[in-house]
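Read through the structure below, which is laid out as structure tokens, and then see the notes.
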Amino acid sequence: MTNATPDDPKRRGKLRIFSALRSNFLAGLIIVAPIGLTLWLIWTVVGWIDSWVWPFVPDAYHPEELVNRLLNRGPGDEITVNVRGIGVFIFLIFTVMVGWTGKGLIGRSFIRIGERFVDRMPVVRSIYNAAKQLAETVFSQRDTSFDKACMVEYPRKGIWAIAFVSTNAKGEIDAKLSNGEPVVTVFLPTTPNPTSGFLLFLPQSEVKFLDMTVEDAAKLVISAGLVYPNKKQTPEIVESDA
């Protein structure tokens, strides 16, 4: 039997304070880190676009030149103006004008002529086609997203994996695989990188559809099962004082 020393309550109190401080710090870090990272990324991207756009803008139209001309400031008395984001505004206006022109008959004709010219250049053709396909996939306004989240048995029976339903199989694949039952086209992503995965064609009876949204299922895949969309599904963690 050991005797409790007088310092034990004080030590436990200090440990509780340290545990509370650590918990509050981690909670604050979870809040501050995404905000700081987002602001830093936006600031960096805006600066990069500005540095890329400004060389194409004549010096006479730079902000500092316009301000100095308006205030009649001469050499040695100039006002330096560095407003980050004006290059982004110019880029947006330019992109809108290009998109508006490209939708017209003349613009589409020029685009087709340019693409035929690019198709004759071996290396440039591959880069352009890959970039065009990526841009169409990311920025297209057509409804090409996954329909539902589901679960399939992979890589063997008894092991289930989260997947995404794109559409029902069509054409030759449906004709070859269909046996009186719809064949579902399923994309099975890998963890933690959901941009790679496997394309599967499964009978609809072998696919278990989930009620969670595609976004929630993607979070579950990316987090390797740590982030569940429904709090009721997560195991309860009982915190105990040190």
Side-chain angles (χ1 to χ4, degrees), residues 19 22-42 45 99 126-241:
S19 178
R22 182 182 62 182
S23 177
N24 292 335
F25 173 76
L26 294 177
L29 193 62
I30 293 174
I31 298 173
V32 172
I35 297 175
L37 182 60
T38 303
L39 294 177
W40 173 82
L41 184 60
I42 293 174
V45 171
S126 302
I127 298 175
Y128 174 78
N129 290 334
K132 180 182 177 182
Q133 185 177 5
L134 178 62
E136 289 178 347
T137 302
V138 175
F139 300 110
S140 177
Q141 297 181 358
R142 294 173 295 179
D143 188 11
T144 56
S145 58
F146 295 113
D147 291 335
K148 289 184 68 66
C150 66
M151 296 186 67
V152 296
E153 289 185 293
Y154 185 89
R156 63 171 176 81
K157 292 288 185 180
I159 297 180
W160 293 88
I162 291 181
F164 304 102
V165 178
S166 56
T167 182
N168 290 338
K170 301 177 182 178
E172 181 180 359
I173 295 178
D174 182 56
K176 296 287 186 180
L177 299 179
S178 180
N179 190 16
E181 181 182 1
V183 177
V184 180
T185 304
V186 172
F187 174 71
L188 178 66
T190 56
T191 301
N193 180 19
T195 58
S196 64
F198 306 95
L199 179 63
L200 307 176
F201 299 96
L202 301 172
Q204 187 170 338
S205 60
E206 298 184 11
V207 178
K208 291 185 179 294
F209 297 96
L210 299 175
D211 294 330
M212 70 176 66
T213 63
V214 174
E215 290 78 10
D216 289 337
K219 293 177 183 178
L220 186 60
V221 172
I222 295 173
S223 66
L226 297 177
V227 178
Y228 275 78
N230 188 357
K231 294 183 179 180
K232 295 181 180 180
Q233 298 176 358
T234 58
E236 294 184 357
I237 301 176
V238 179
E239 297 183 355
S240 58
D241 295 334

Quick one, I162 with L220, criterion side-chain contact (heavy atoms from CB on, under 4.5 Å). Give me CA distance, side-chain angles, the key distance, then yes/no. CA-CA 9 Å; I162 291 181; L220 186 60; 3.1 Å; yes
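Counting all heavy atoms, side chain and backbone alike, A149 lies closest to V214 at N-CG2, 4.1 Å. In plain terms, the two heavy atoms of A169 and D174 that are nearest each other are O-CB, 3.4 Å. Closest non-hydrogen pair, E181 versus Q204, comes out as OE2-N, 3.4 Å.
Only one option out of N168, L202, L199 pairs with T185 in a side chain to side chain contact (heavy atoms under 4.5 Å, CB included); it is L199.
Contacts of D216 classified as side-chain hydrogen bond (donor to acceptor under 3.5 Å, both in side chains), with partners at least two apart in sequence or in another chain: T213. Residues satisfying the side-chain contact (heavy atoms from CB on, under 4.5 Å) test with A218, not counting sequence neighbours, are F164. For S196, the side-chain contact (heavy atoms from CB on, under 4.5 Å) test picks out T190, N193, with sequence neighbours left out.
At least one side-chain heavy atom of L210 sits less than 4.5 Å from a side-chain heavy atom of M151. Between C150 and K208 there is no side-chain heavy-atom pair separated by less than 4.5 Å. Under the 4.5 Å side-chain criterion, counting only non-hydrogen atoms from C-beta, S166 is not in contact with V186. Here the side chains of K176 and F201 are not in contact, with every heavy-atom distance at 4.5 Å or above. Taking 4.5 Å as the limit, every side-chain heavy atom of F198 sits out of range of all side-chain heavy atoms of F187.
I159 contributes atom CD1, which lies 10.5 Å from atom OH of Y154 (distance to the nearest 0.5 angstrom).
Within 6.0 Å of NZ on K219 lie no more than 12 heavy atoms contributed by other residues, nucleotides or ligands.
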